[in-house]
Structures are given as structure tokens and as C-alpha cells.
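Below is one structure, written out as C-alpha cells; the observations come after it.
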Amino acid sequence: MNILAAIKREERKLERQPSKLNSQLSGVRVAAKALGHSAEREVVSAKKRVLSVAGRAAIVRGAKKRWAKVRAQAKKMAG
């Protein structure tokens, strides 16, 4: 395999990427402009999800149970 030819191919491929990305970016900008101000209103931060104490405790119990099972299997395989 000719390393120089491979490098040249990669160089040509990388030179084409900026134009491809610019065309995609312009398409996104056109779509945003077509939506007008409605697109600006939709971009809001998501509300923080809160987990109850009971829910968190259930997750912890489940995780401990799963890890106990994994450790038991590992101990069984080792000994």
C-alpha cells in the first residue's frame, strides 16, 4: 500500500468536509428562519426531575440486590 497515496486521499476527503458542513448549516438556518420566532420560544430549559426518597431507596435496594447476585456468581465460579 502506498502510504503517500493514502495520505493524499485523506487530505482530499478532509478538504471536502467544510463545504458539506456549511451546506448542512445553511439548511438548518433556513429551517429556523422559516419557523420564525416560534423556534425561539420552544427553546427553554427542561425542568429538573426530582426523585422521592422512597424512589431513591428502591433504586439503592435493587442495585445492592443485583450486585450481591453478581458477587455470589463470581464467588461460585472462583471456588
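- Legend: residues meeting side chain to side chain contact (heavy atoms under 4.5 Å, CB included) with Arg49, ordered by chain and number and at least two apart, are absent.
- Put simply, CG on Asn2 and CZ on Arg9 are 8.5 Å apart, with the number rounded to the nearest 0.5 Å.
- Within the hydrophobic cluster formed by Ile, Leu, Val, Met, Phe, Trp and Tyr side chains joined at under 4.5 Å, directly or through other members, Trp67 is accompanied by Val70.
- Judged as a side-chain hydrogen bond (donor to acceptor under 3.5 Å, both in side chains), and not counting sequence neighbours, the contacts of Glu10 are Lys13.
- Once rounded to the nearest 0.5 Å, the distance linking CG of Leu4 with CD of Glu11 reads 9.5 Å.
- The NZ atom of Lys75 lies 11.5 Å from the CZ atom of Arg71; values are rounded to the nearest 0.5 Å.
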